[in-house]
Amino acid sequence: MKLITAIVQPHRADEVKEALAAAGIAGLTVTEVQGYGAQKGHAEVYRGAEYQVDFRPKIRIDVVVADADLDATLDLVIAAARTGRIGDGKVWATDLVEVARVRTGERGEAAL
Amino acid sequence: MKLITAIVQPHRADEVKEALAAAGIAGLTVTEVQGYGAQKGHAEVYRGAEYQVDFRPKIRIDVVVADADLDATLDLVIAAARTGRIGDGKVWATDLVEVARVRTGERGEAAL
Amino acid sequence: MKLITAIVQPHRADEVKEALAAAGIAGLTVTEVQGYGAQKGHAEVYRGAEYQVDFRPKIRIDVVVADADLDATLDLVIAAARTGRIGDGKVWATDLVEVARVRTGERGEAAL
Amino acid sequence: MPAADVAWMLAAFAVVLIMFPGLSLFYGGMAGTKNALNMMMMCMSTLATVSVVYVLFGHGIVVGDSIGGIIGNPSGFWGFLGIYEDPGEPMVSDPFWFAFYILFAAITVAIVASAAVGRMKFSAWLVFSLVWVTLVYLPLGHWVFGGGWMREHLDFHDYAGGTAVHMASGMGALALAFVLGPRRNTQMRPHSLPLVLVGVAMLWMGWIGFNAGTAGGANFLAQYVTLTTLLAGSTGMIGFCLVERLRDGRATTLGMCSGVIAGLVGITPAADGVDALGAMALGLAAGAVVAWACTWKTKLGIDETLDAFAVHGIGGIVGSLCVVLFGYAGSPAGIEGILFGGDWSILLAEIAAIGATCGYALVMTFVIAKVLDKLIGLRASDEDEYDGMDLSQHAETAYDAA
Amino acid sequence: MPAADVAWMLAAFAVVLIMFPGLSLFYGGMAGTKNALNMMMMCMSTLATVSVVYVLFGHGIVVGDSIGGIIGNPSGFWGFLGIYEDPGEPMVSDPFWFAFYILFAAITVAIVASAAVGRMKFSAWLVFSLVWVTLVYLPLGHWVFGGGWMREHLDFHDYAGGTAVHMASGMGALALAFVLGPRRNTQMRPHSLPLVLVGVAMLWMGWIGFNAGTAGGANFLAQYVTLTTLLAGSTGMIGFCLVERLRDGRATTLGMCSGVIAGLVGITPAADGVDALGAMALGLAAGAVVAWACTWKTKLGIDETLDAFAVHGIGGIVGSLCVVLFGYAGSPAGIEGILFGGDWSILLAEIAAIGATCGYALVMTFVIAKVLDKLIGLRASDEDEYDGMDLSQHAETAYDAA
Amino acid sequence: MPAADVAWMLAAFAVVLIMFPGLSLFYGGMAGTKNALNMMMMCMSTLATVSVVYVLFGHGIVVGDSIGGIIGNPSGFWGFLGIYEDPGEPMVSDPFWFAFYILFAAITVAIVASAAVGRMKFSAWLVFSLVWVTLVYLPLGHWVFGGGWMREHLDFHDYAGGTAVHMASGMGALALAFVLGPRRNTQMRPHSLPLVLVGVAMLWMGWIGFNAGTAGGANFLAQYVTLTTLLAGSTGMIGFCLVERLRDGRATTLGMCSGVIAGLVGITPAADGVDALGAMALGLAAGAVVAWACTWKTKLGIDETLDAFAVHGIGGIVGSLCVVLFGYAGSPAGIEGILFGGDWSILLAEIAAIGATCGYALVMTFVIAKVLDKLIGLRASDEDEYDGMDLSQHAETAYDAA
Ligand SMILES: Nc1ncnc2c1ncn2[C@@H]1O[C@H](COP(=O)(O)OP(=O)(O)O)[C@@H](O)[C@H]1O
Ligand SMILES: Nc1ncnc2c1ncn2[C@@H]1O[C@H](COP(=O)(O)OP(=O)(O)O)[C@@H](O)[C@H]1O
Ligand SMILES: Nc1ncnc2c1ncn2[C@@H]1O[C@H](COP(=O)(O)OP(=O)(O)O)[C@@H](O)[C@H]1O
């Protein structure tokens, strides 16, 4: 199995979720993260003093898929997350040595 | 070394921590995440308008263990996290190419 | 490509970010996490009742690098994060099977 | 007892003043995290803009010598000059009344701001609010509080501003929301209900100052309306929560808070005209009807986000009709409700007053908003809206957890 | 000066009214994030339920013609009918008093709500609060404020409600918590201490209205108790924080806030009976003893979560005893404290009053809770409790960060 | 009308009291999450410490028999003994005045606390505040409010405490910040702007009590200053936001809130001396100058974190000068501004008063802070500072999301 991790714009998270659900992948885990990249941050001014906020809010989506689904899922996530503008994010995939469903203790692809 | 990532119910996180500590694994990192899965979300109603909240709060536990401890730790985490109900979560494991302790710079299993 | 994950003290996160930027690695993703380890937590007392807070706030930094940069980056992160005191944190690295830039769909090292 | 009147009116002023941050927090808590500050600034800024308008020409338009029953003489009180003579012995005097009236005008504009949440340029709001208070509130104020035609020719009842304050702002909010168009993302929940409750706290306390202050002093009327204001707020809760319970299965905090405000809006025109049982029935009715009216906007397809139309517009209408229906002849207003055998003529007068106020506010606001939209553009860019108005209009974020 | 009395009482009413959201925020801030709204709703709902009870029969039970010293005639003031005659010149009149008394009754019930945090069905709370105010507060109110036996036969001193308000609610909370049983997870911290402070802000301001309003007008007594109320609140902080510092090593914000309330509870029965130094000593004592009493519940094994028993029950007792111990003969109450050579008989009367109030509230609340538990079930399901009362009872969450 | 005066002063007291939590929340919201509680405790604790000081010897130093124009007799009102005689008919009496003065003194100290945010040991703050009120505020109070030399020999104008309250605290904050040295991490944003607004709500309402309460009763003066206080606060917003808009591109919520306070500080010494247009000009000026002055600290290299120096020190000076410049001869103070042909001599008196107050507060605070730093150490350890003062000083955290 593979773990796909996608860092995406917060306002694309719903699209990604829906695209995955449409493809039959009904489980995923989402984390609020802060991204730093080519995209610039913003400045806030408090009583004349400027605070530079370098990080932008991003959503991290972790989804475990069967090996066979890796490429299709990657394409699908990228397509759903894309706006074409800087800051769209990154996606990466790792190989998993094991997966289990806590409720039943099932292992491997059966656990997905 | 292996990295075990467990997505568990918030109210089981303490049990998992204690089970790991009892097994001599005294380090772990915890993240508040939102999970989407077989478990349904809930609806909130504000002035008659319904908002569907799909995600449920979950706790992500990341713990690095020696290769030899992988299976035992997996079993232990699963046992501690299980309530037997939908939403209990997922656990997965990846292979690590390196681990280091920041304080000392130690590498490999010595860093655990 | 490799994914380096570093759990560091919150007040060292900026140093790590700057050290990475200085080394030409301009993208990273940061998550607020809670760490449990050799470092003790703290007690809070409310109306005479003590609450033990075991977890300490930590910052998790995820950064994807080219295979060739792994060792140099690890050293650099460890150096930047180190204060020499308990609680400095852990760093680990995993192998990635794929990386993509969402905006362009580029794959592999070109996506970094 | 003029001196005692002063004592109470000063206190009333202090508590009415806190209605501004109260309203800001009530609305700000209901807004999303990214638009909360902008919402608060729109509300609070009305104190600044309306103060300036009032000192320059506003007070004249409301209470200056009437020009054909339409507006008062704008230059009547220019600069508040020459109003400072000490009457020798304590009595409620001009400097106080002028300050008090500013609060009434400004709070009306602040309610309208709720319709603009999350999508209106802050500069456009400032311009809009200046124009709106001048062309909508001030003339209406003249009609209702000054020597205008409604007061002269319609024998309607409005104790403390059900028309010029609540219906005007409710209708203004509806028209503004209509011209602005819906937010891009209307799926937003209140970002902090405790903040909403803090707002309600300040509003309810302030409402005692507003209603019992309208009595003009420390008299029987002030005490009477204190009782009815308490009871209507209390049963407003019940009315709103009951509808929620029946319709959605659960009573909510937002519902309870909205019910309090609905009850208070309802009692505003009627506080001197119903007895304790009447005030309770009125609160119940206002709460329940407003709870129902909150769902209309979806059908209308207008993103009148924070329901000023339902709460203030419909709430005000319900209250006005209740006093006609079950006014208590022994009350200070001495209105005999139709249900108790009172005269039907008052119903016509009341409906005319409601119609005139709502119609004027609705049409005029629509025109103002349309014209300003052409001239300066009311709406923030999509980008700004997405980033949130706090960041895009004020370069700020409400909270910093670090 | 009757008109001046009206002026002050109206202001007092406005600030006492804000004690309800104040208490809601004080308790809501101390609750966990998942139970904060439910806590607030339990408190705020008392204004609704008690208003209805009062208008229907409550006021009669308290001040109606006494039936054997036990209760007043419930039908005495049914519907608040016939209380609206304008006395001609301004004086504090029935409509006002009736409204004011509603606040006293409702705040008492709201304090009891704190015991139910995180585990009581909201519907059960509504029923319980209706029954509790009827069977516990109203009779006690008759005994203490009306023509009941305590007032007639016991020469005890209670300035503004140490017995019927604070001890009754403190004991009621203890008994309710006992019947409800502990929460499943008692390891919870206050979710927002700034909110707790907002609550204290409203409570302390309101307490000036409460204590100086009990003086009934703008008189010397009102000024006197303003001073003692300020001082006791201030030294209440010191007393509580000192105990914390010695016991736990640090003074805390929750401690400071609790100390203010403890001092204010303590001064409530005694505000007219101690001088400045006495008020300071009383505040110090109340703060310190309450700080200690907060730890008793653990030993008792009762999850009386937000310490109404310690703060209001024990705090009220300490205050009552202080006036007996070091009352100042030159004060408006004119009580010579035992330490200054005063008569011991007052101690017996005071202890009898404390005993009667606490005993009645404790037993009666226990019975009510037990019976209702059998009839309708008080406790939410484990599932509901785990999800949090906000979600399970109100389908809401307090905050939305998105 | 003495009784009516009592009625208003009681209400004024209640709303001034809420300025303490108001200031605590204003500053606490501006502090970082990890220092918010500590900030609040430093502010609130002044009520406790100053109450004790006042009852023991403070009131004597301010209004006791003057010893050479320097201080009043400290033992003059020891224990507030013998001040409790009821004058028979209602009038504002000693127990009330004594309580009211405690609030004035304590709020001054609370403003100074803002300079210490995030780095001062809580125990050191308590000691510092006791010494500061004794050696800085009390003598200044004697000079300005009591029978001290400034009042006797300088014909300056200060309506309600521009000197002894605002300039003294502003300068005190600057000197304390200087001695403490900068925080290790000065890059911090306000952690909750809604909390800042809640604070402003309480402060603005309280300021009506403060300024109109200084009138001493329900009289014309009280009404007059209510108008000027409203207008100056309103245009203070405009002044601050305008500077922000021009300088930084955007008006901010923190700016609006700061502008309100700047306008209110500015009007405090001048409220009885300017007319409506003057009050608006004054507010505008105070808001704008304070907005500019907020940036000075960076140049001075002093981490006077929450800008008490700019807001209260400079704001107070601007207000004092405005009344000299454009005082209105027809106002209660009857001061003819220089711009309107008034006498230049008042400018010299005013500058002398400003200079004396600021100089004394600055030097004295510096000396106190330096000496205490040597004796007990003012600053928390770096470790404590890094962990945050909430955790290190109070073993608490403001929020718990769990
Ligand atoms: N090397 C990296 N490692 C981890 N996360 C990264 C990396 N580069 C970018 N990211 C994440 O992707 C987000 C978007 O990247 P950015 O460089 O701004 O845009 P783009 O990928 O479109 O050029 C960043 O905010 C960050 O969260
Ligand atoms: N394929 C997946 N990838 C990542 N996380 C998942 C996946 N499936 C489930 N999860 C996580 O596990 C949680 C529980 O899963 P769910 O399907 O609700 O229960 P169960 O595993 O008992 O069937 C989800 O809320 C989500 O956080
Ligand atoms: N085995 C582990 N797996 C995952 N995270 C760990 C592990 N051990 C430590 N950590 C993380 O590193 C942080 C610091 O570890 P700690 O043991 O306190 O210090 P040190 O590494 O200096 O001995 C912890 O708070 C935790 O977040």
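Bear in mind that the values here come from a model prediction, so they are computed numbers and not experimental data. Just so it is clear: chains get the letters A, B, ... in the order the sequence lines come, proteins before strands, and each one is counted from 1.
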> So which part of D:Leu254 gets closer than 4.5 Å to some heavy atom of chain E, the side chain, the backbone, both or neither?
Replying inline: both

> E:Ser51, E:Ala106, E:Pro87: which one forms the most heavy-atom pairs within less than 4.5 Å of chain D?
Replying inline: E:Ser51

>> Using heavy-atom distances under 4.5 Å, tell me whether E:Met202 contacts chain D through its side chain, its backbone, both, or neither.
In response: side chain

> How far does OH of D:Tyr224 sit from CZ of E:Phe96, to the nearest 0.5 angstrom?
Replying inline: 16.0 Å

> Taking all atoms of both residues into account, what is the closest heavy-atom pair of E:Leu47 and D:Ser234, and its distance?
Replying inline: O-OG, 3.4 Å

> Which bit of D:Ile208 comes within less than 4.5 Å of chain E, counting heavy atoms only: side chain, backbone, both or neither?
Replying inline: side chain

>> Which heavy atom of D:Ala7 sits nearest to which heavy atom of E:Ala7, and what is that distance?
In response: CB-CB, 3.8 Å

>> Counting only non-hydrogen atoms closer than 4.5 Å, does E:Thr46 touch chain D with its backbone (N, CA, C, O), its side chain (CB onward), both, or neither?
In response: neither

> In terms of heavy-atom pairs under 4.5 Å, which option from D:Thr226, D:Val225, D:Thr229, D:Thr235 contacts chain E the most?
Replying inline: D:Thr226

>> Please classify the contact between E:Ala14 and chain D as side chain, backbone, both or neither, with a heavy-atom cut-off of under 4.5 Å.
In response: both

> chain E: which of D:Asp5, D:Leu197, D:Ile238, D:Val15 shares the most heavy-atom pairs with it under 4.5 Å?
Replying inline: D:Leu197

>> Under a 3.5 Å distance rule, please check whether D:His191 uses its side chain to pair with a backbone N or O of E:Asp400 as donor and acceptor.
In response: no

> Which bit of E:Met39 is near chain D, if near means a heavy-atom gap under 4.5 Å: side chain, backbone, both or neither?
Replying inline: neither

> Do E:Glu396 side-chain atoms and D:Thr252 backbone N/O form a donor-acceptor pair below 3.5 Å?
Replying inline: no

> For D:Cys241 and E:Met41, which heavy atoms make the closest approach, and how far apart are they?
Replying inline: SG-CE, 4.5 Å

>> Looking at D:Arg247, I want to see if its CZ is surrounded by more than 12 non-hydrogen atoms of other residues, nucleotides or ligands under 6.0 Å.
In response: yes

> Looking at D:Thr228, D:Leu221, D:Val198, D:Val260, which one has more heavy-atom pairs under 4.5 Å with chain E than the rest?
Replying inline: D:Val198

> Counting N and O atoms only, with roles assigned by atom type, does the side chain of E:Tyr84 sit under 3.5 Å from a partner on the main chain of D:Pro332, one being a donor and the other an acceptor?
Replying inline: no

>> For the interface with chain E, which of D:Asn219, D:Leu230, D:Leu195 has the highest count of heavy-atom pairs at distances below 4.5 Å?
In response: D:Leu230

>> Below 4.5 Å, heavy-atom pairs only: which of E:Pro90, E:Ser24, E:Ala36, E:Pro95 has the largest tally toward chain D?
In response: E:Pro95

>> Under 4.5 Å from any heavy atom of chain E, what part of D:Ala201 do you find: side chain, backbone, both or neither?
In response: both

> What residue in D:Met205, D:Met237, D:Arg245, D:Glu244 has the most heavy-atom pairs under 4.5 Å with chain E?
Replying inline: D:Met205

>> Any non-hydrogen side-chain atom of D:Arg189 less than 4.5 Å from a side-chain atom of E:Thr397?
In response: yes

> Any idea which heavy atoms bring E:Gly79 and D:Leu277 closest together, and the distance?
Replying inline: O-CG, 3.7 Å

>> Is D:Tyr399 in contact with chain E via its backbone, its side chain, both, or neither, using a 4.5 Å heavy-atom distance?
In response: neither

>> If I measure from the heavy atoms of chain D, does E:Leu17 come under 4.5 Å with its side chain, its backbone, both, or neither?
In response: side chain

>> What's the separation between atom CZ in D:Phe220 and atom CE in E:Met91, rounded to the nearest 0.5 Å?
In response: 10.5 Å

> What part of E:Ser45 is in contact with chain D, defined as an atom under 4.5 angstrom from a non-hydrogen atom: side chain, backbone, both or neither?
Replying inline: both

> Top residue by heavy-atom pair count (under 4.5 Å) with chain E, among D:Leu227, D:Thr253, D:Val196?
Replying inline: D:Thr253

> How long is the span from the CG atom in D:Asp275 to the CD1 atom in E:Ile83, to the nearest 0.5 Å?
Replying inline: 8.5 Å

> Checking E:Val92 against chain D: side chain, backbone, both or neither under 4.5 Å from a heavy atom?
Replying inline: both

> Is it the side chain or the backbone of E:Gln393 that comes within 4.5 Å of chain D heavy atoms, both, or neither?
Replying inline: backbone

> Between CH2 of D:Trp204 and CZ of E:Phe20, what distance do you get to the nearest 0.5 Å?
Replying inline: 8.5 Å

